[in-house]
Amino acid sequence: MEEKGLQRLDPEIHRAIQAETDRERQTLVMIASENYAGRAVIEAQANLMTNKYAEGYPGARYYGGCEFVDEVERLAVDRAMRLFGAKYANVQPHSGSQANMAVYLAFLKPGDLIMGMDLSHGGHLTHGSPVSFSGMIFRSISYGLDPKSQRIDYDRLRDLARKHKPKMIIAGASAYPRIIDFRRFGEITRENGAYLMADIAHIAGLVAAGLHPSPIGEADFITSTTHKTLRGPRGGLILSRKKYGRELDKGVFPGIQGGPLMHIIAAKAVAFGEALRPEFSDYQKQVLSNAQALADELISFGFDLVSGGTDNHLILIDLKRKRITGKDAESSLGKVGIIVNKNAIPFDKKGPRITSGLRLGTPALTTRGMKEREMRIIAGLINDVLENRNSDKVLRNTRKSVSDLCRGFPIYQYLDEES
Ligand code: DSN
């Protein structure tokens, strides 16, 4: 076959991209923060807009020749606002961390106190962890889960807020399988004269589809990534009230970023457009049903789930009773093509490189078209592997079952048609 384009110009990179494509095709992606962006999203981000400098905002740029990127950014902003029912959107943050950083820069001063969820209870690095800029520049305290229910301890959160009077409270998580009560967060925040930032990176797709309560109306600032349940390109997003728009715009540019990635903004616009369609809501419903089916089946195999189950797209398995670490479980499952990540569980005694937990999510498998039946099969495969991880025969048979499943649910019809 004649070599063309990248294959001819840079065979090393082409080979690696090809290998990644095959890996994504031939494995079960169960990392809760990953998904398969649609063809239109991928096409929109691979275009000449990558060449364009557009510091500033539509209609007020520091460069000439911005008429078409202006059109794209206006569409992205308009669609994001419609999708979430927000009065302000900024689509320029390169990532979720950048979105959070821009909000902090705009509304906090170094040394101000922020209060986010404990990383080991499911929070995110940028919510005040000492190893992140958020915990280095700002003082930080954390709230966490109730040890018994393993759900957010809102009473303790309120007591902490009353006692310490943080300038900003951050609601949101990376590994929390339950509904977040934004109304409760709103009450506590208002009572203490703080700002509320809701980081909905994980649940943005569910919020957009109306399947998780929205923080609009409760939170002053809403940040998100665009590539998890929302199924867009890798990137960040800020939503807010109109009155905070000027400060937030300045926080993103020139505060923490230079030129926006206009090709990515084009792809964000496409993803928001997709999310405005009714099919997106059906997809999100299936994400939830699949997570439910997976959780139920894992429980029937004797797995302990943090908080006893899930309300959203992810499941956190507590492996303590199974006598395997998160690290070993991740590695054993990886051998058969089930891709997951080890994750700390609340009050974990093991460090973040070992952990006692595994985080599983259904967004990517649901995009492939898998339903409850496949979730039950996969729960069985996970159980087989973790119960027999030293048996080459079990690992071999499971690898075959994974391959069969993957073949039945191509990641992109067009890719498989081409090969
Ligand atoms: N790294 C993301 C996740 O896996 O949840 C959060 O930023």
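Every number for a ligand or one of its atoms is a count from 1 in the order of the listing. Since this is a predicted model, take the numbers as computed values, not measurements.
Residue contacts with ligand 1 leave out E34, since none of its heavy atoms falls under 4.0 Å from the ligand.
Although no hydrogens or angles enter the test, the distance criterion places a donor-acceptor pair under 3.5 Å between the side chain of E330 and the main chain of K342.
Looking only at protein heavy atoms, the nearest one to atom 2 (C) of ligand 1 is K228 CE, 3.9 Å. Of all protein heavy atoms, the one closest to atom 7 (O) of ligand 1 is H124 NE2, 2.9 Å.
Not less than 6.0 angstrom separates the ring centroid of H124 from the ring centroid of Y176. Taking the six-membered ring for Trp, F221 and F107 have ring centres closer than 6.0 Å.
Atoms of ligand 1 lying under 4.0 Å from at least one heavy atom of S174, given by number and element, are 5 (O), 6 (C). Close contacts of ligand 1 with H202, meaning ligand atoms under 4.0 Å from a residue heavy atom, involve 3 (C), 5 (O). Near S33, with a cut-off below 4.0 Å to any heavy atom, the atoms of ligand 1 are 3 (C), 4 (O), 5 (O).
For the atom pair CD1 of I114 and CE of M197, the computed distance is 8.0 Å after rounding to the nearest 0.5 Å.
Looking at R359 against ligand 1, only its side chain comes within 4.0 Å, counting heavy atoms.
Note that atom 4 (O) of ligand 1 has protein non-hydrogen atoms nearby, at separations under 4.0 angstrom.
Using the six-membered ring where Trp is involved, F133 and Y104 have ring planes that are tilted, between 30° and 60° apart.
For the pair R231 and Y283, the cation-pi criterion (under 6.0 Å, within 45° of the ring axis) is fulfilled.
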